[in-house]
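A short write-up of the structure that comes next.
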Amino acid sequence: MEKKRIAGMQILIFLMLFIYFIKISPLIPYDRDDWCFIGTMRLPIPIWKAFNPSKVLPETLMPIGGYIGSYIIYPLTHDYIGSIAIAESLIISIVATIMFYYFFKFIKTRLKLSTIFSLLTEIFFFFSFFLLFKHLERPSYNEFWTADLTCAFNYLIPGLFNATLYFYMLSWNDGFSNHYNKLTDLRKGILITYIFFTMFSSSQFNILTMICAFYDAVIVSFKDNLNLSFIKRIQSVYIDVVIIIMWVVTVLFDLYGKRASQVVNDQYSIINTMKSFKILTQEFNKPFILISALIILISICMSFKYIYYSNYYLTLIFEFIFTVLIIFIYLLIAYTKAGSLYAQRVDSTWPLTFLLLVIIATSLAFLVKNIMICRVLLPLVILLSSLIAFNFNCLPVLPLNYNHDSNTLKTIDNKIISQIVSADKKGDSKVTVNVPSDHKDSIMPIYIQNTLFTHHIIRTRLKISFKVDKKMDKLFENRKNEQPHIPLE
């Protein structure tokens with residue numbers, strides 16, 4: 001029965017995520033980066049002085065989604081853009097569901113919460129991804145929001161992979177490195193593979209895993225193995241050392257990559273970046289933040305009463321806060337150099353808001369563990385949270401790089417592709433495609449041709465050129481006289 005409950009909760013979360021990405025906020029390829037990365041796969045290793053030297057995971061997983069969509073789903077649906085959206089949404093939903101499952105395991109193991117209440121805490125944690133930025137009177141962000149499809153794989157996917165590994169590392173009372181040393185060779189190999197792709201995903205996000213490894217190495221080597229020699233202590237935590245070295249490699253590769261060399265920012269201002277972080281916090285759902293602050297405060301106060309369980313909780317809270325501070329400083333420096341506007345985006349600051357939600361959910365779990373009234377009220381809290389989180393009277397904020405409704409994006413994509421496919425069927429070696437005014441891009445036709453050929457949508461690599469047609473702009477949704485939402489109360 002317990003396994004069925006656990007499986008049922010993961011299936012429920014997966015279905016809610018998949019429906020969200022398919023119907024509410026679809027992942028539609030539209031801009032230049034999208035067409036480039038869904039059809040071209042890089043070498044699955046870090047590449048010195050490449051444009052994105054260390055982004056192995058995003059630039060292999062995203063085209064895999066393109067392959068699944070075009071080779072497997074498209075022959076069944078005969079809807080190319082829809083098939084790509086389904087495939088990419090499927091990947092993200094699966095990865096996110098695994099992350100939420102490992103949060104459940106982390107809560108159950110470290111706080112010794114019962115299975116049923118650990119599952120309820122997990123579903124609350126899931127709803128909090130929508131509640132943090134929720135506004136009922138206007139479009140809202142959420143923790144799954146990204147600027148475009150490419151950013152979903154450059155920010156959200158690395159965040160989810162690192163979060164999963166983070167929870168896995170935290171789930172062992174005797175320390176992650178001690179647990180690793182007890183694994184069979186095959187399981188060690190599988191874990192090393194996951195660590196490889198997680199660390200080579202994003203140098204902004206893998207710091208989450210690195211800090212956890214550093215913390216584990218310090219605790220295990222200087223607390224549990226203090227009687228050993230320095231060399232043997234390092235050997236006992238070598239998996240943590242490997243993770244730290246991988247992080248250093250990603251930072252060095254990215255610093256000397258082409259993308260970093262092309263960053264031109266004449267106003268390196270920490271103050272501007274701080275202002276951008278402030279703009280991000282202004283998007284928070286203030287009632288949710290106030291209630292969450294109260295939960296955290298009560299949990300800390302109650303931890304002094306329940307001494308036996310408080311050690312686990314306070315240790316975790318200290319580690320979370322320490323991690324938040326380090327990541328904040330790291331991103332502050334990174335985005336001061338790369339551009340302060342990154343600091344006000346939900347997707348590029350994901351590790352910080354993610355850890356905030358982890359602190360809230362862990363504090364709630366501690367209260368549920370120790371206070372009967374919290375256990376009694378938890379089902380009601382979760383039901384109310386779900387009704388607020390999935391209130392879509394106002395839809396999520398549109399992707400930053402598109403600023404158009406998904407139906408509009410799909411219509412324009414189909415218009416462009418139909419012109420290219422028609423020319424290919426006629427046997428033409430080149431074609432001029434009418435496009436809307438937001439497609440003024442000399443490189444984009446090359447990426448579209450490459451992707452359509454790779455996905456077997458066209459037979460030849462015909463030369464494509466774009467011609468802006470103002471009539472195509474009529475396909476964009478017209479918001480000139482858009483009316484406000486009228487609430488019931």
Side-chain angles (χ1 to χ4, degrees), residues 1-24 68 72-73 86-87 89-131 142-144 156-157 160-161 163-174 176 179 182-184 186-187 190-191 193-194 309 312-313 316 354 357-358 360-390:
M1 181 61 72
E2 184 175 287
K3 290 183 179 179
K4 289 181 179 179
R5 287 174 179 171
I6 296 171
M9 182 62 77
Q10 313 321 311
I11 292 171
L12 177 62
I13 289 176
F14 168 78
L15 290 175
M16 288 190 287
L17 281 168
F18 189 61
I19 292 170
Y20 172 79
F21 284 120
I22 288 298
K23 300 301 296 182
I24 299 169
I68 294 171
I72 300 174
I73 301 175
I86 290 172
S89 300
L90 190 64
I91 289 173
I92 295 176
S93 299
I94 291 172
V95 172
T97 302
I98 293 171
M99 186 274 291
F100 285 113
Y101 169 71
Y102 275 96
F103 172 78
F104 154 76
K105 292 197 69 175
F106 153 71
I107 288 295
K108 188 175 187 297
T109 304
R110 291 299 298 271
L111 293 185
K112 302 186 185 324
L113 201 58
S114 67
T115 298
I116 187 64
F117 284 109
S118 295
L119 289 172
L120 291 175
T121 306
E122 177 193 1
I123 196 69
F124 172 82
F125 183 54
F126 168 70
F127 291 142
S128 71
F129 273 54
F130 296 91
L131 292 172
N142 58 68
E143 284 292 275
F144 300 108
L156 180 57
I157 282 289
L160 294 171
F161 264 72
T164 302
L165 184 56
Y166 184 66
F167 289 137
Y168 181 84
M169 294 171 72
L170 288 175
S171 295
W172 310 104
N173 291 317
D174 60 343
F176 167 66
H179 163 74
K182 298 173 185 176
L183 293 176
T184 64
L186 178 59
R187 291 191 175 185
I190 294 172
L191 184 55
T193 302
Y194 188 88
Y309 297 112
Y312 295 109
Y313 171 70
L316 289 169
F354 161 76
L357 296 177
V358 172
I360 295 168
T362 304
S363 298
L364 178 64
F366 180 77
L367 291 181
V368 169
K369 171 72 179 178
N370 294 289
I371 304 176
M372 182 197 67
I373 190 64
C374 292
R375 293 192 292 273
V376 172
L377 292 177
L378 187 59
L380 176 61
V381 169
I382 289 172
L383 180 59
L384 294 177
S385 298
S386 68
L387 294 174
I388 297 172
F390 289 152

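On a predicted model such as this, the values are computed, not experimentally measured, just so you know.
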Parallel, tilted or perpendicular for [X] and [Y], by the 30°/60° rule?
{"X": "F130", "Y": "F126", "result": "perpendicular"}
{"X": "F100", "Y": "F125", "result": "perpendicular"}
{"X": "Y168", "Y": "W172", "result": "perpendicular"}

For side chain to side chain contact (heavy atoms under 4.5 Å, CB included), just list the numbers for Y102 and L165, CA-CA rounded to whole Å, side-chain angles, deciding distance to a tenth of an Å, and then say yes or no. CA-CA 8 Å; Y102 275 96; L165 184 56; over 6 Å; no
Can you tell me how far the [atom1] atom of [X] sits from the [atom2] atom of [Y], to the nearest 0.5 Å?
{"X": "I360", "Y": "L364", "atom1": "CD1", "atom2": "CG", "result": "9.5 Å"}
{"X": "L12", "Y": "E122", "atom1": "CG", "atom2": "CD", "result": "9.5 Å"}
{"X": "S118", "Y": "R5", "atom1": "OG", "atom2": "CZ", "result": "12.0 Å"}
{"X": "I190", "Y": "T184", "atom1": "CD1", "atom2": "OG1", "result": "7.5 Å"}
{"X": "F104", "Y": "M99", "atom1": "CZ", "atom2": "CE", "result": "15.0 Å"}
{"X": "N173", "Y": "T109", "atom1": "CG", "atom2": "OG1", "result": "7.0 Å"}

[X] side-chain N/O to [Y] backbone N/O, donor-acceptor pair under 3.5 Å:
{"X": "S93", "Y": "L90", "answer": "no"}
{"X": "R110", "Y": "L170", "answer": "yes"}
{"X": "R375", "Y": "V368", "answer": "yes"}

With heavy-atom distances below 4.5 Å as the criterion, would you say the side chains of [X] and [Y] are in contact?
{"X": "Y20", "Y": "F390", "result": "no"}
{"X": "F14", "Y": "L17", "result": "no"}
{"X": "L316", "Y": "F366", "result": "no"}
{"X": "I94", "Y": "F18", "result": "no"}
{"X": "H179", "Y": "L191", "result": "no"}
{"X": "M9", "Y": "I123", "result": "yes"}
{"X": "L384", "Y": "L380", "result": "yes"}

Give the intermediate values and the outcome of side chain to side chain contact (heavy atoms under 4.5 Å, CB included) for residues K182 and D174. CA-CA 11 Å; K182 298 173 185 176; D174 60 343; 3.0 Å; yes
Do you know which two heavy atoms are closest between [X] and [Y], and how far apart they sit?
{"X": "I92", "Y": "I157", "answer": "CG1-CD1, 3.9 Å"}
{"X": "N142", "Y": "F129", "answer": "CB-O, 3.4 Å"}
{"X": "T164", "Y": "V95", "answer": "OG1-O, 4.4 Å"}

Just one of F106, F161, Y101, F176 clears the ring-ring contact (aromatic ring centres under 6.0 Å, His included) bar with F167, so which one? F106
K369/L111 under side chain to side chain contact (heavy atoms under 4.5 Å, CB included): CA gap, chis, key distance, verdict: CA-CA 8 Å; K369 171 72 179 178; L111 293 185; 5.7 Å; no
Kindly indicate, with the supporting measurements, whether the criterion side chain to side chain contact (heavy atoms under 4.5 Å, CB included) is fulfilled by L120 and F117. CA-CA 5 Å; L120 291 175; F117 284 109; 4.0 Å; yes
